[in-house]
Amino acid sequence: MARAYDVVSIERKWQEYWASHGTYEVDAGDPRPPWYVLTMYPYPSGPAHMGHVRNYTFGDLLVRHRTMLGHAVLSPFGFDSFGLPAENAAIRTGTHPREFTDARIAELKASITSLGAVYDWRREIRSHDPEYIRWNQVIFQRFLAAGLAYRANAPVNWCPGCQTVLANEQVLADGTCERSGDLVEKRDLEQWFLRITDYADELLAGLGELDWPERVKTMQRNWIGRSEGAEFDLPVEGRDGSDGRPALALRVFTTRPDTAFGMTYAVVAPEHPLVDELTTPDHRAEVDELRERAARSSEIERTSEGGGLAKRGAATGSRVVNPFTGAAIPVYVADYVLMGYGTGAIMAVPAEDTRDWDFAQAHGLPVVRTVQPPEGWDEHGGPDGGPGGAWTGDGTKINSAWLDGLDIPTAKARATDWLEEQGVGTRMVNYRLRDWLISRQRYWGCPIPVVTCPDHGIVPVPEDQLPVLAPDDVEFLPTGESPLAAHPTFRHATCPVCGGPAERETDTMDTFVDSSWYFLRFCDPWTPDAPFDPDTVRHWMPVDQYIGGIEHAILHLLYARFFTKALADVGLAPADLREPFARLFTQGMIRMDGTKMSKSKGNLVAPSRYLDTVGADALRLFHLFVGPPADDVDWTDQTDQVIEGCGRFLDRVWRLAVGDADDRRGAGQAGRADGSAAPDAEAARAVRRAIHRLIDRVSGDYERWSYNTAVAACMEFVNLLQPFARDGGDPEVVAEAVDTLLLLLAPMTPHLAAEAWERRHGDHVHERRWPVADPALVVQEQVTMVVQVAGKVRDRLEVAVDISEDEAIAAALASDKVQAALAGATPARVISRPPRLVNLVP
RNA sequence: GCCCGGGUGGCGGAAUGGCAGACGCGAUGGACUCAAAAUCCAUUGUCCGAAAGGGCGUGCGGGUUCGAGUCCCGCCCCGGGCACCA
């Protein structure tokens with residue numbers, strides 16, 4: 001497509017100008033009010049893809065807009081540069097991950113720059129940089145000292161494809177690895193954890209004050225999964241101690257203590273430590289078989305095998321006593337109870353829990369209702385009008401002695417009070433959230449800076465010896481072993497306490513650790529003796545606008561919130577900084593043929609092919625124009641044409657602003673199509689009003705992230721302005737119109753705006769202030785008033801904006817079309833909303 | 001199963017309860033041109049009609065209202081998240 005101006009050289013010129021003049025470099029001492037805009041730092045996978053373009057277009061627009069509004073805008077950039085792809089490439093090609101990663105970073109940086117996105121590059125962070133590693137390790141050790149980091153043996157998620165353990169958050173609901181798609185296995189391994197569960201309540205409560213998409217907040221709430229209930233003991237029958245008190249009891253957790261009178265059996269998880277003790281010799285074989293099967297099978301096998309959970313349970317032969325009734329009930333082992341949640345044991349109430357109901361049906365266990373189901377439930381309340389099963393809804397308590405007649409919330413409170421009075425139980429809050437497993441058996445990550453001494457146990461490497469860096473002379477082999485573990489010397493260390501031989505930790509940290517505090521480092525990446533200076537962090541933080549993909553709704557955003565709180569609590573960050581991201585925006589993804597556009601799907605459209613044809617400005621404009629920013633974008637056969645349409649619009653702006661020097665057969669040539677007279681003063685006044693309405697609209701649309709309508713408003717304006725200018729409209733008005741347009745476009749299409757502005761004024765549009773609409777000119781003089789008869793539009797009248805109600809009704813009645821529609825009838829009712837509408841109802 | 005989004009022309013999408021379809025893409029016709037490209041002008045929801053004009057129309061069925069794409073109730077479909085968490 002031939003463009004009206006030399007897109008490539010103009011775009012390059014301004015990209016070089018912004019970089020060499022440090023236009024978007026700011027410091028904490030800047031007198032302007034601070035504003036921090038941040039786009040999630042990317043994993044460097046090579047040249048930018050379309051998703052990046054979309055991301056950085058929004059971010060860059062904000063940086064430029066906020067700057068024009070008079071803020072000192074902090075706009076840093078960095079790279080989440082540790083991670084598996086680099087290591088896998090090393091195994092494949094022998095290239096060292098650092099070499100591989102640095103090359104990818106150079107490519108990504110160049111392509112981001114070629115979009116016209118501007119950053120304070122002095123602040124660039126790379127997570128594999130030794131300085132960054134050092135502070136990562138310092139933070140880890142502060143957490144270790146504060147008890148927030150610990151090592152424990154745990155059944156963990158092992159991904160055979162990635163050859164490493166994963167965090168719970170990285171395992172998808174179907175039991176596969178979010179990265180490789182392999183089926184994740186359970187393994188018992190000694191691993192490092194961060195105590196994120198200490199912050200579960202604060203992480204939940206803090207969501208309330210955040211200006212984040214509701215759906216992201218909901219996802220985090222679900223993930224944290226707080227449930228209130230009670231824990232209490234079920235004494236095992238026949239296991240009284242010498243003092244007559246129970247020597248062995250089974251502790252259960254429930255959110256429904258009110259249903260305890262309906263407990264007809266109890267269940268323990270196959271991994272529960274009391275299983276052996278509870279199992280009587282005659283049930284041993286069955287229980288052992290069940291346990292073995294549970295250990296072998298993966299989570300999905302456990303959950304997907306047909307028939308729900310009816311099967312896979314075995315009686316232990318033991319009985320426990322329900323403290324509410326004194327009745328003894330059987331104890332089962334079943335894998336529908338998970339060891340990792342609550343106490344790993346439950347009281348089963350089939351009448352009010354669907355899982356317990358199914359299990360009870362399969363094993364012939366009794367059902368005692370403790371909540372009155374709605375009428376007819378037992379006859380036809382179930383699926384397909386059959387008999388109802390468990391009733392989990394509201395109702396009145398029945399069969400529950402002293403709880404009878406109460407509603408559920410009251411009964412819950414009474415039952416819990418009773419447990420506490422009796423000394424057999426206590427209020428308890430449980431979370432679905434588990435501690436964060438951060439160790440990875442990989443090379444290309446931040447080493448965990450500890451050694452293990454035979455005499456002194458786990459000892460942190462002293463701070464003055466940090467960073468602990470992984471050696472370069474390792475062999476990358478597809479063995480599944482971390483190259484660090486196989487290195488001849490790396491693991492041999494000396495104990496910092498006694499100087500004796502010690503074993504160095506060879507695991508590295510999850511890369512989500514790196515991304516959990518980089519936004520703090522960005523505030524002050526130069527401080528030599530701390531990860532960041534708390535006062536400088538206080539100046540910039542929290543991030544005023546964070547931008548990223550919805551895929552990070554849980555993982556990164558939850559970890560970063562946890563880190564911010566924990567860093568404040570160990571004294572590294574300001575104590576009052578509890579939330580890192582005040583406002584979050586999650587943009588839609590790019591889809592093609594119904595699936596996400598991504599490298600792994602092989603359906604990438606390279607942005608580069610647009611940059612040297614229609615240019616970065618047109619591509620940016622397309623992303624802004626195509627639809628609401630939060631929506632997904634479908635990349636189709638028509639997309640190129642829409643992008644060209646954006647280029648056409650920019651050509652029109654160029655011709656209006658600069659003229660037709662390069663294309664003499666352009667706009668001016670066709671001349672006035674209808675041969676009408678030149679626009680008069682009234683037309684000029686209309687254009688002036690349009691200018692101020694445009695400022696008003698675009699400013700409002702920017703605030704609301706409604707960029708597609710902002711672009712539409714600019715296009716509409718050009719459609720109005722173009723004939724006015726061509727037909728000899730007042731040059732002063734044209735100039736005001738064009739200048740305003742360039743100011744409003746400056747954040748969206750920065751190169752075109754900068755070049756056209758420079759040619760017109762000799763200075764820099766991005767250093768100008770954002771225009772302010774004159775309220776007197778924003779209101780229109782004449783508006784279209786709709787006249788309806790019985791709710792149907794019958795006429796449209798041009799009326800003064802300040803028309804009175806009486807005048808409006810009179811004008812409506814004076815209309816021939818209205819009279820025809822009324823057909824002689826007198827309006828029985830008149831609704832008038834001057835100057836918009838009059839509705840005559842006969 | 002539960003919790004969120006969302007269904008508007010051929011397509012992407014606009015519409016504080018008050019003109020449905022802004023803006024753009026595509027399509028059709030025209031001007032300019034030897035011709036094309038580019039540019040400019042016009043038309044473009046649908047049905048009836050030569051036209052003037054009129055009927056219908058925002059997934060489906062009800063409701064509230066002078067007036068509903070918008071609010072309420074009940075469904076259908078699509079997308080996403082969660083899913084033995086006791």
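In the text below, chain A, chain B and the rest are named by the order of the sequence lines, each starting its count at 1.
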**Report entry** Any residue meeting side chain to side chain contact (heavy atoms under 4.5 Å, CB included) with P834(A), in chain and number order, not counting sequence neighbours
**Finding:** I803(A), E805(A), A808(A), S832(A)
Query raised in the report: Within this structure, what is the CE-to-C1' distance between M219(A) and G81(B), rounded to whole angstrom?
Result: 5 Å
Query raised in the report: Got more than 12 heavy atoms from elsewhere within 6.0 Å of CZ, R591(A)?
Result: yes
Requested in this report: In whole angstrom, give the distance that lies between atom CH2 of W635(A) and atom C1' of G13(B).
Outcome: 16 Å
**Report entry** Per-nucleotide pairing state of RNA chain B [Watson-Crick or G-U, under 3.5 Å; [ ] pseudoknot-crossing; | other strand]
**Finding:** (((((((..(((.....[....)))((((((.......))))))((((....))))..(((((..]....))))))))))))....
Requested in this report: May I ask you to check whether Y610(A) and F622(A) place their ring centers less than 6.0 Å from one another?
Outcome: no
Query - For the student: nearest non-hydrogen atoms of Q587(A) and G548(A), plus distance - result: OE1-O, 2.6 Å
**Report entry** Earlier contact from the 5' end, RNA chain B, for T636(A) and T784(A)
**Finding:** T636(A)
Query - N/O donor-acceptor pair, side chain R829(A) with base C66(B), under 3.5 angstrom - result: no
Report summary line: Counting primed atoms, P, OP1 and OP2 as sugar-phosphate and everything else as base, the B/S/- map of nucleotides 43-58 of chain B against protein heavy atoms under 4.0 Å is ------------SS--
Report task. Would you check if there is a donor-acceptor pair between the side chains of E228(A) and T255(A) at a distance under 3.5 Å? Result -> no
Report task. Indicate syn or anti for G10(B), taking the glycosidic torsion and treating anything within 90° of 0 as syn. Result -> anti
Query raised in the report: To the nearest angstrom, how far is R3(A) atom CZ from U39(B) atom P?
Result: 10 Å
Query - C66(B) base / N839(A) side chain donor-acceptor hit below 3.5 Å - result: yes
Query raised in the report: What residues in residues 702-710 of chain A put a non-hydrogen atom under 4.0 Å from any atom of RNA chain B?
Result: R704(A), N708(A), T709(A)
Query - Nearest-Å distance for atom pair CZ/P, residues R251(A) and A86(B) - result: 17 Å
Query - Whole-Å C1' distance, G29(B) and G80(B) - result: 45 Å
Query - Whole-Å distance separating the CG atom of N222(A) from the P atom of C84(B) - result: 13 Å
If you restrict it to nitrogen or oxygen atoms, what contacts under 3.5 Å exist between nucleotides 24-27 of chain B and the protein, and what is each distance?
{"residue": "G24(B)", "atom": "OP1", "partner": "N719(A)", "partner atom": "ND2", "Å": "3.0"}
{"residue": "C25(B)", "atom": "OP1", "partner": "R648(A)", "partner atom": "NE", "Å": "3.3"}
{"residue": "C25(B)", "atom": "OP1", "partner": "R648(A)", "partner atom": "NH2", "Å": "2.7"}
{"residue": "C25(B)", "atom": "O2'", "partner": "Q638(A)", "partner atom": "OE1", "Å": "3.3"}
{"residue": "C25(B)", "atom": "O2", "partner": "Q638(A)", "partner atom": "OE1", "Å": "3.2"}

Query - RNA chain B-proximal residues of residues 252-259 of chain A, any heavy atom under 4.0 Å - result: F253(A), T254(A), T255(A), R256(A)
Report task. Mind telling me whether H623(A) and W635(A) have parallel, tilted or perpendicular rings, with 30° and 60° as the class edges? Result -> tilted
Query raised in the report: If you look at every strand shown and take non-hydrogen atoms under 4.0 Å, does T639(A) touch a base, only sugar-phosphate, or nothing?
Result: nothing
Requested in this report: Could you tell me the separation between the CG atom of D631(A) and the C1' atom of G80(B), rounded to a whole number of Å?
Outcome: 13 Å
Query raised in the report: Is the F585(A) ring parallel, tilted or perpendicular to the W705(A) ring (thresholds 30°, 60°)?
Result: parallel
Query raised in the report: Would you say the side chain of R833(A) and the base of G18(B) hold a donor-acceptor pair, judged only by whether the two atoms sit under 3.5 Å apart?
Result: yes
Query raised in the report: Does atom CG of N719(A) have more than 12 heavy-atom neighbours, drawn from other residues, nucleotides or ligands, at distances under 6.0 Å?
Result: yes
